[in-house]
Amino acid sequence: MLFKLGFGKLLLKDRYGERILVYHGIDAVGETKYNSRFISKAFFEEFIKHITTHYNVISLDDFYQKKFKKDTLNIALTFDDGYLNNYTYAVPILEKYNVPACFYITTIHDKAPYLWADFLDLVSYHTDKKEIIFERNLYQKSAKKEFVWNGISMKNVAKALPYEVLEMIYDVFKDDWKNLSPKDFEEYWKLMNAKQIKEIANHPLFTIGAHGETHASLVDIPLEEAKKEILHSKETLEIICQQPMTEFAFPFGYYNQELADYCEEIGFERLLLVDYNIKEDAKNDTWKNRFVMNPYISLEQQLAYLLKGSYF
Ligand SMILES: [Zn+2]
């Protein structure tokens, strides 16, 4: 047993390499009942404190220029979606520990005040409805408080829908949204406004990148629509930030060659993914995979998986 423990520790100590982390929301308590996107500010700070003490935490600029230290883990931080809670909770902690980060913003603001996934998570959890009909299909509320049809969750259906169809979900749950008093749940849906985005863009530690307009899965919607999403998020953020946008994070990390080519054609120099579609994609210097942070595990477990570079 002792041998085993000692050996495990030794293995961990010897691990090194490079990782780009991806966070979504930071909240007060680390709520996991709606989804897996929110990590508590206390856990976040504990983690930041740990990695800044024991590893080499660098900017994405340095990461892309491969300014790595040998024999340690080189870590860059990113945040997807553009939640207000990033501004409220994460930014002060990052400033305290002098940690650079990139924020990838979904530019849905003209269409809706929230991202559809957060809307759907909150209403699905809180509604008394047991079933609903959407696009002629009967969805039933599951034990996990998701609406499911034929074994497929509404969230999975929604991410591949054209936005004008997806918008109809807002209508189905209009009253449920009102009844849950959305103001009480702002941590789980509210997005940064233009002023806050610009403030981050001007901050010496931080950069802003694009993340699509409606958070659709770009590989599943028609190509022309996907291109519009990418271009819209770039142009909108350039107006807000008064800077060129050169980084794009694919929603859900889903990408293909055609979309990546388009991104590069319109001026994106860095494309952030989650997993590479195929191993060879790692050889492309523009594309980087990222490690998604997990709200369900302890600091020790998170570090062990991070060092390993995978949850499997
Ligand atoms: Zn996202």
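Counting starts at 1 for both ligands and their atoms, in listed order. Excluded from the calculations below are hydrogen atoms, water molecules and symmetry mates; all remaining heavy atoms, backbone and side chain alike, are included.
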Under-2.8 Å protein N/O/S neighbours of the Zn ion (ligand 1), ordered by chain then residue number: D81 OD1, H211 NE2, H215 NE2
Aromatic ring pairing F268/F248, orientation class (parallel under 30°, perpendicular over 60°, tilted between): tilted
Any donor-acceptor N or O pair under 3.5 Å, side chains E213, Y163: no
Check: E269/Y64 side-chain N/O donor and acceptor closer than 3.5 Å: no
Polar side chain donor-acceptor pair, Y262 to Q257, under 3.5 angstrom: no
D81 side chain to H215 side chain, donor-acceptor N/O pair below 3.5 angstrom: yes
Whether Y114 and W189 hold their rings parallel, tilted or perpendicular, with breakpoints at 30° and 60°: perpendicular
